[in-house]
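These notes are about the structure you will find just below.
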Amino acid sequence: MDILLQTPCGHNFCLKCFQKWVALKKFTCVKCCRAIPRKMANNPRINDSLVAAIRLARVSKSAAPRGNAKVYHFISNQNRPDQAFTTERAKRTGKANAASGKIYVTIPPDHFGPIPAENDPIRNQGVLVGEFWADRLDCRQWGAHFLHVAGIAGQADYGAQSVTLSGGYADDEDHGEWFLYTGSGGRDLSGNKRTNKVQSYDQTFTKSNEALRHSCKMGYPVRVVRSHKEKRSAYAPGEKGVRYDGVYRIEKCWRKVGIQGKYKVCRYLFVRCDNEPAPWTSDEHGDPPSDLPNIPELKKATDLFERKDTETPSWGFDESEGRWKWMKAPPASRKSVEALDPEERRSIKRAIKAAQNNSVRDKLLKGFSCPICREVMNAPVTTPCGHNFCKGCLEGKFAGVAHVRDRSRGGRTLRSQKNVMKCPCCPTDISEFLQNPQLITISSSSVNTEVMSVIEALKEKVEEPAPEEEGGESSGNTSEENMEFEGGSMESEEEESQMVGSEDEPPTKKMKLDAEQGAATASV
DNA sequence: GGGCCCGCAGGG
DNA sequence: CCCTGCGGGCCC
């Protein structure tokens, strides 16, 4: 089931069930009959904390695969600094005008499909579903989507490798396991604009739109990243950042008149086909093949294109193995790999390690800390606006604050006025939520039990004697359930032997490092 | 929160 | 070389 959403009364629902319920004009919780906030009913969003919890549990369960790293070619990549930088030429500093940092993975820009462990020599784990970056430049460095602004990565005569869902096109329609995507173009970008919401001519199947159609025809896997900027989708990350959600296949494409009513847009039906479960589901498995969804707008479609039944898609489901794989050889890359040399790899690895804080406690703090006490959440509660706090902290914050303000001034009594109580993290008024009797009386049902159980499980690990960070080999897998985190203890390797020495010497372009920006944490 | 503007990276 | 593009920071 999809564990996705939590009502203010503390009950979790699968998004699809929630949507069905709300569609029946029922605006009260099935379990306790309390009111469902209007905003949540109209625009439900997945609960990032739950997503983070699911992912953390998943990643910690499966030790990252460790293969032998292979590096293929060396190009100018090593001249780039580790992080985004602004060049001498740029008049303004900051990431808005930044150039990309090094590419960490050893795939060419026209690589199709998931990014496997052997192309991730720094961490040896590949790019995992649910991986999260602060912005598009960081995302690019891990190869999930190479373009900084454009949404479609691809070449007209060759295919599209990845797309991003960022809310740039009103016609997009996201259902998680499948979505309808809109082509690019048809807009007036004169006057040095990068984007423009208004369509002013028809889109055509050329350039990147044709690249998508080519991927459809061949049945290639297309990597998909979702951005927080997609506000209408229930499946997009909530607060900030960009998330890798796995590969999808384009099953059909067509054109139709866009939502703006005048001009045609290109349309694509994407269906998920990844061996890893989607970030928002608690399922243990990836996507089994399923029937295509019914698309009402196809009635009005023109230029419909579907992959022929006779032609086996390049990326397909192997029934005997029970997983998706290349049924035909993936297209040979026409570009070279931008790889790092081994020394740089080591220095980046060190930096990533340092930034990641590998201890379980640090992971916990990072993913599940309470914004008020800065400690790992104790009895987490989720506000209607999606922020998480210790139950105690939230109560404490508003302790002694009256819910209503008495307005009587001397003479006659006026009706008392409601006090606005702002969420400590955003301007939302949560006074109604705070009045929820289940929150006031100590009752576990208002606590986010899903998140709490993950935290409890992880906390137990902390109690265990922590395996020495580098004290020779992992060895001490005393309990086989031992939670192993990415890049965790079993590193050994030469690492420390040559500490300093390889400060990346300034590249040809002078740069002002902006950004330290700290590794993206799951927004809580 | 909306509009503006910028530099970059990729395609052709 | 020029054109295009579902960013990101800042100003209002």
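Note that these values count all heavy atoms, side chains included, but never hydrogens, waters or copies made by symmetry.
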Hey, does Gln155(A) reach any base, or is it just sugar-phosphate, or nothing, if we go heavy atoms under 4.0 Å?
sugar-phosphate
Side chain of Lys335(A), heavy atoms from C-beta onward: which of dC6(C), dG10(B), dG9(C) has the nearest atom to it?
dG10(B)
In this structure, how many angstroms lie between the P atom of dG8(C) and the CG atom of Asn192(A), rounded?
17 Å
Side-chain N,O (Arg334(A)) to OP1/OP2 (dG11(B)) below 4.0 Å:
no
Look at Arg232(A) and dC6(C) and indicate whether a side-chain polar atom (N or O) is within less than 4.0 Å of OP1 or OP2.
no
Does a distance-only test, which skips hydrogens and angles, find a donor-acceptor pair under 3.5 Å between the side chain of His148(A) and the base of dG5(C)?
no
So if I take every side-chain heavy atom of Arg92(A) and compare against dG9(C), dC8(B), dG7(C), which nucleotide ends up nearest?
dG9(C)
Closest-nucleotide mapping onto DNA chain B: is Ala96(A) or Lys207(A) further toward the 5' terminus? I mean the 5' end.
Ala96(A)
With a 3.5 Å cut-off and just heavy-atom distances, do the side chain of Arg194(A) and the base of dG5(C) make a donor-acceptor pair?
yes
From C-beta outward on Ser100(A), which listed nucleotide comes closest to its side chain: dC8(B), dG12(B), dA9(B)?
dA9(B)
Indicate whether OP1 or OP2 belonging to dC6(C) is found under 4.0 Å from a side-chain N or O atom of Ser184(A).
no
Does Lys229(A) have a side-chain nitrogen or oxygen under 4.0 Å from the phosphate oxygens OP1 or OP2 of dG7(C)?
yes
Heavy-atom pair with the smallest gap, counting every atom of Lys240(A) and Phe132(A):
O-CZ, 2.8 Å
5' precedence on DNA chain B between Val149(A) and Arg140(A) (nearest-nucleotide basis):
Val149(A)
Given dC8(B), dA9(B), dC6(B), identify the nucleotide with an atom nearest to the side chain of Asn97(A).
dC6(B)
At what distance, to the nearest 0.5 angstrom, does CG of Leu165(A) lie from NE2 of His145(A)?
10.5 Å
Test item: Arg307(A) side-chain N/O and Cys216(A) main-chain N/O as donor-acceptor pair under 3.5 Å:
yes
With a 4.0 Å limit, can you tell me whether Ser208(A) has a side-chain N or O closer than that to the phosphate oxygens OP1/OP2 of dG11(B)?
no
Leu137(A) CG - dG8(C) P separation (whole Å):
6 Å
I'd like to know if the side chain of Arg92(A) and the backbone of Thr86(A) have a donor-acceptor N/O pair within less than 3.5 Å.
no
